[in-house]
Amino acid sequence: MTWLLDDLDGDQATPDAVTVDEELLAGLNPQQREAVLYRGPALLIVAGAGSGKTSVLTRRIAGLIASREAWPSQILAITFTNKAAAEMRGRIRELVGSDADGMWISTFHSACVRILRRQAEVMGLKQGFTIYDTADSRALLKRILKELDADTLGFSVAGVANRISKLKNELTDVDLFARQVNMDDPKESAFLELFRRYTQGLRRANALDFDDLIAETVYLFRAFPDVAALYQRRFRHVLVDEYQDTNAAQYALIRELVRPVAPEHVPLDTRMRVGADGGIPAATLTVVGDSDQSIYAFRGADMRNIVEFEQDFPQAKVVLLEQNYRSTQNILDAANAVIGNNFDRVAKNLFTTGGAGERIVGYTGYSAHDEAQFVADEIEALKKAGETYDDVAVFVRTNAQTRPLEEIFIRSAIPYRIPGGTKFYERAEIKDAMAYLIQIANPDDDLALRRVMNVPRRGIGPATEAALQAHAERTGQTLRDAMRDAASLGLGAKVTGAILDLAKLLDDVAATAATAAPADILNTLLQQTGYLAGLRASGDAQDEARAENLEELVAQTREFRRQTPEGNLVDFLTGVALFAAADEIDDEDGSVSIMTLHTAKGLEYDAVFLTGVEEELLPHRISSGEPGGIAEERRLFYVGITRARKRLYVSLSMTRSLFGEPSVAMPSRFLQEIPASLIDWKQSPGDAAGRNAMRPRAVTSREGGRPKFSYSTSFPSDRPKKEWTSAVTATVRDNGDLTLAVGDRIRHTDFGEGRVTDVTGTGSKSIAEVQFDTAGRKRLLIKIAPIEKL
DNA sequence: GACCTTGGGTTTTTT
DNA sequence: ACCCAAGGTC
């Protein structure tokens, strides 16, 4: 879509009394109605989970259009993910038709890229600038740290990256930081140098990182009031969803957008209503959010933005939505009870008229695989009862938890997807292909070129690269330019030829880039470099998979062109850079979704499994030490609970592998915050951990020979499923103070007899390595493994 | 310059 | 358990 900014100033009728079609208000409760109908400079909609905020937001926008208070082009709606934006646009379209297409409905990042691409030159950037993701930023930082030998000062790539990110989110750029920094502190001045070089590196590569996208837009508006005025005039109604998760930079951006337009920036021929001073009044601001669902403090989100909204905008109106249309009362009671433990919050009580519903089901597994088996079995039971896989989701706190779930799901033949987990665009071969494309779109991006200079192998190794780099620096050229001079560098004939060939290929393709379809560009590159053919020819199954991934990427570029026929290479690259985990959720593909709690925000499912509800995991041990960390973890738990419509399951495991080492896990403190009467424990932590509790357990059966996986600290989980859910299940036991020494013979319920070959760890975490006579070598947690000393 | 082995560090969450 | 960097060998 193209936007002709200068044609956008239109009439703005502002009736005092809003007359909105009753049809638009159908089914809304009084608070929701008020949120749709209120007219004023600022509105805060405090929307509890499941309180119908999207309905309110879409109808509010539709109302503005229907009543002719606004043109579609005067609407700017900011959502949290691209998927949410697409959904919102769809729902608005249902209400007002194709007018929806004229609105800006996008994420902060997408909106900023759009603005920055238009105004790139003003900011000293070229239009095709690259957007660096976290990995790209770190790759750049890594080079810089190496150059400066900064790791000797105790700097780590991740540490520096995080600090820079934080500074940018607070709108502190290098110059500002340089003025604040204590230069007497050698570490601080060293950090300044790192920050400076990183900033220069991005600049030279004509690149921006994620944080820059927001910050640079703010700087753009502040440095060029006439540019800011374009957007201030244009966007008369700014609406922001998930406002509790905005950071300082995003807040500043909103403030810039809703500033009144000074008279000198009002065109003489404007058709817009001007104030007494000849200026144009500020756009109206509507924000929607719920401080109880603020879960992004780690990336700078500041709850104060929503909590202090009324101080920020003194004339603001606040509407509170507490009636929940999503979950059963049992689920809401649990959610209310849990979040009630966070002090310092505005009391809010979710309620429904929909009835109590089922009790929450709890389960304590012996191992993560055992827990996963419970999840799988319950999902099968739900499926039998008529639920579809699409309406079921499994939540985890960390990405690492998905593995056992995946393994069991595969074995149970449950179709699943892991939005954000596939990391398609993070695979090496995809990053390589993308680097070629980036280098075409942005020849200044040395980092992208360096990545593929020797991919596929063409004999351009580190030494040759260094020579080119040195030449580039000497002559002030880009690496790409330097390649064309390769003949003058006294390199070997073979390597010189390889460099010139690559330079020519890139130049030839670049010449077509302005008009060619991304798919054709990519195809040419993959063919001419021989990358694809090389993978196909290697005979390695992994390489074959890589080749298929590249084909998939080509297919995606085709699909991109189909959806946006005029989309060029830069548009495609932008789309990929801003593609988020939640965007790949397809709620009709017939599979169960496994995702992190963060990804789950904003979604809802009939049945939700909250797994790994253990101390150290939820709350995560790293956040426990941070101020406000526990409260944020509790909000995360709360977000998880409130995603469930009808059924909620909470599960945990007695053991959890950490860095590959099995260790004992304790039930999360959050479990105790749910009233006991609400949970129906199939196996409670008490049952599982009881001293010397020895339960009958299902007889192990191994149909079909060797199991695909074997778990040293778990029972084989391929026993018949019916037996598993109905009967009293796992043996869970406690061997008390049992100690083992190297050489001891033991008997294991599943693995038979064996000899202890090593003992590591202490106390409840001590682990025996056992060579079994028939089952091979296993590592066992001595305290709870089903073993006895012989 | 490519390939292999080894050892250390590492995971919270993400646009 | 896994990923990556470094160092050794061909």
- Message: Please determine whether the number of non-hydrogen atoms from other residues, nucleotides or ligands lying under 6.0 Å from atom CZ of A:R138 exceeds 12.
- Response: yes
- Parallel, tilted or perpendicular: rings of A:F637 and A:F670 (30°, 60°): parallel
- Message: Classify the ring geometry of A:Y416 against A:F409: parallel below 30°, tilted from 30° to 60°, perpendicular beyond 60°.
- Response: perpendicular
- If a protein heavy atom is under 4.0 Å from the base, mark B; if only from the sugar-phosphate, S; if neither, -; do that for nucleotides 9-15 of chain B going 5' to 3'. -BBBBBB
- Rounded to the nearest 0.5 Å, what's the gap from CZ on A:R635 to CG on A:N342? Could you check? 6.0 Å
- Between A:F424 and A:F579, is the gap from one ring center to the other below 6.0 Å? no
